[in-house]
Structure formats: C-alpha cells, structure tokens
Amino acid sequence: MLNIGTLRTNLKSVISNLVTSTTIAVVYDYYEPNVISYPAVVFDITSNTDAFFTNKENIIKIVFTAYVLVAIEGQTIETAKDTLDTVTDTLITELRKESNLTLGGYADWVTPAVGARSQIETPNGNVYSQQLDITVNATGFVN
C-alpha cells in the first residue's frame with residue numbers, strides 16, 4: 001500500500017536537492033500563496049487512480065501537480081521565461097535520474113510531464129508559472 005505522506009516527503013526531498021542560490025530558492029509541498037523567494041516550486045496531490053493492471057495486480061497512479069514559479073518584477077519577461085525554462089528542465093532531469101525514479105523505493109516509477117504555462121498575480125507580485133504533472137506509478141497486489 002502506498003503511503004501518501006512518505007511519497008510527499010520523498011518527492012519534496014528530491015526537489016529540495018535543487019535548492020541553491022541559482023536554481024530553486026524554496027520548495028513547498030502544499031499550495032502556498034505567499035511564496036517568500038523565487039524561483040520556487042509548490043506542489044500537491046491533484047488526482048489518484050487505481051485500476052486493474054493484471055488479474056492479480058492493480059496499478060496506482062497518484063499525480064502531484066507542481067508549479068515552478070519565477071518572479072517577473074525586476075526583470076524582463078524574456079529573462080523570466082528563460083529562467084522558468086531552465087528551472088523546469090533541471091527539475092525534470094532530476095526526477096528522471098535513476099536514483100530518484102522510484103522516490104526512495106516507494107514507487108515503481110515517476111513520470112514528469114510539462115503542462116500549461118501562465119502569468120499569475122500573487123500576494124507578492126506577478127509571477128510566471130509552469131505546471132508540471134508528476135505521476136507516481138506503483139503496482140500492487142489485489143487482495
């Protein structure tokens with residue numbers, strides 16, 4: 001049985017490996033409107049499916065939707081876009097590393113997929129946002 005808390009903790013740990021002065025400033029494993037520093041990543045669970053994989057196993061898919069956030073103010077929109085691309089690519093590369101693919105052995109594999117991009121207004125100013133759906137896949141035996 002998958003433990004949501006462990007998956008969340010392990011996913012946050014993988015993303016937090018990228019916290020540096022130039023890559024990601026802060027990671028939230030919940031939706032936080034008052035981000036304290038940028039670039040930031042916020043994520044939470046958005047869906048969960050459980051379906052038959054074989055006659056003896058189920059495949060469970062839990063989707064964590066992450067948002068990579070880059071402040072627009074103080075720079076050009078082109079610079080913000082380039083930073084957003086770089087951070088998103090770095091995050092996808094980190095999630096696809098063999099050492100991170102199973103989130104510490106708690107999943108069979110993780111698949112990140114880029115979603116919509118938008119500009120949003122937050123309590124701390126305008127930001128550029130890139131959605132990233134991180135699907136945690138696991139097979140388990142049917143009882």
Side-chain angles (χ1 to χ4, degrees), residues 1-54 57-142:
M1 188 67 165
L2 291 177
N3 181 301
I4 300 284
T6 301
L7 289 174
R8 180 187 305 276
T9 298
N10 290 4
L11 181 56
K12 185 175 182 180
S13 177
V14 168
I15 298 170
S16 294
N17 286 337
L18 300 174
V19 173
T20 66
S21 61
T22 58
T23 307
I24 295 173
V26 65
V27 178
Y28 297 97
D29 60 353
Y30 54 92
Y31 291 125
E32 173 59 66
N34 292 308
V35 172
I36 59 170
S37 187
Y38 297 97
V41 174
V42 297
F43 71 91
D44 211 340
I45 294 173
T46 53
S47 72
N48 178 9
T49 60
D50 190 348
F52 283 111
F53 185 56
T54 68
E57 293 178 300
N58 280 356
I59 186 161
I60 301 160
K61 294 183 178 196
I62 300 171
V63 178
F64 289 89
T65 298
Y67 295 94
V68 178
L69 305 172
V70 173
I72 295 172
E73 294 176 25
Q75 61 184 333
T76 67
I77 194 73
E78 185 174 352
T79 302
K81 172 199 59 82
D82 291 346
T83 300
L84 192 59
D85 288 342
T86 300
V87 173
T88 301
D89 287 343
T90 302
L91 179 54
I92 289 170
T93 299
E94 189 72 15
L95 288 166
R96 288 183 175 158
K97 283 184 180 176
E98 187 174 350
S99 59
N100 295 328
L101 203 55
T102 65
L103 296 180
Y106 286 90
D108 289 331
W109 73 97
V110 174
T111 50
V114 175
R117 178 174 279 193
S118 62
Q119 292 182 38
I120 57 175
E121 188 175 335
T122 71
N124 297 326
N126 292 326
V127 299
Y128 220 171
S129 170
Q130 175 68 62
Q131 180 179 331
L132 182 65
D133 291 326
I134 304 164
T135 303
V136 178
N137 302 278
T139 55
F141 291 103
V142 176

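Start at 1 with the first residue, then count along the sequence. Predicted, not measured: the structure shown is a model, and the values here were computed from it.
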Just wondering, do I15 and F43 contact through their side chains at under 4.5 Å, heavy atoms? yes

Report the distance from atom CG of L91 to atom OG1 of T23, rounding to the nearest 0.5 Å. 10.5 Å

Over all atoms of both residues, closest heavy-atom pair of Y31 and V42: CD2-CG2, 4.1 Å

Heavy-atom pair of closest approach, residues S37 and A25: OG-CB, 3.3 Å

Over all atoms of both residues, closest heavy-atom pair of P39 and T83: CG-CG2, 4.1 Å

Assess the residue pair I92 and L132 against the criterion (side chain to side chain contact (heavy atoms under 4.5 Å, CB included)); give the C-alpha distance rounded to whole Å, side-chain angles, the decisive distance to 0.1 Å, and a yes or no. CA-CA 9 Å; I92 289 170; L132 182 65; 3.8 Å; yes

Do the non-hydrogen side-chain atoms of I36 and Y28 ever get within less than 4.5 Å of each other? yes

So which atom in A71 and which in A80 form the shortest heavy-atom distance, rounded to 0.1 Å? O-CB, 4.1 Å

Do Q75 and V70 have side-chain heavy atoms sitting under 4.5 Å apart? yes

Look up atom OG1 in T65 and atom CG in D133, then write down how far apart they are to the nearest 0.5 Å. 4.0 Å

Given I120 and L69, is the side chain to side chain contact (heavy atoms under 4.5 Å, CB included) satisfied, shown in steps? CA-CA 9 Å; I120 57 175; L69 305 172; 4.2 Å; yes

In this structure, OH of Y128 is separated from CG of D82 (nearest 0.5 Å) by 9.5 Å

Could you list the donor-acceptor pairs under 3.5 angstrom formed by side chains in residues 4-12, with sequence neighbours left out?
| from | atom 1 | to | atom 2 | distance (Å) |
| --- | --- | --- | --- | --- |
| T6 | OG1 | N3 | OD1 | 3.3 |
| R8 | NH1 | D29 | O | 2.7 |
| R8 | NH1 | D44 | OD1 | 2.8 |
| R8 | NH2 | D44 | OD1 | 2.9 |
| T9 | OG1 | G5 | O | 2.9 |
| N10 | ND2 | L103 | O | 2.8 |

Going by the side chain to side chain donor-acceptor pair (under 3.5 Å) test, which pairs reach into residues 115-126, not counting sequence neighbours? D85-R117, R117-Q130

Quick check for you: to the nearest 0.5 Å, what is the distance between T135 atom OG1 and F64 atom CZ? 10.5 Å

Nearest heavy-atom contact between A66 and V41 is CB-CG1, 4.2 Å

To check you understand the geometry: which heavy-atom pair defines the closest contact between N100 and E94, and what is its length? ND2-O, 2.8 Å

Salt bridge check: are K81 and E78 linked by an N-O gap of less than 4.0 Å? no

Please report the interatomic distance CD1(I72) to OG1(T79), rounded to the nearest 0.5 Å. 11.5 Å

Out of curiosity, L95 CG to N17 CG, how far, rounded to the nearest 0.5 Å? 10.0 Å

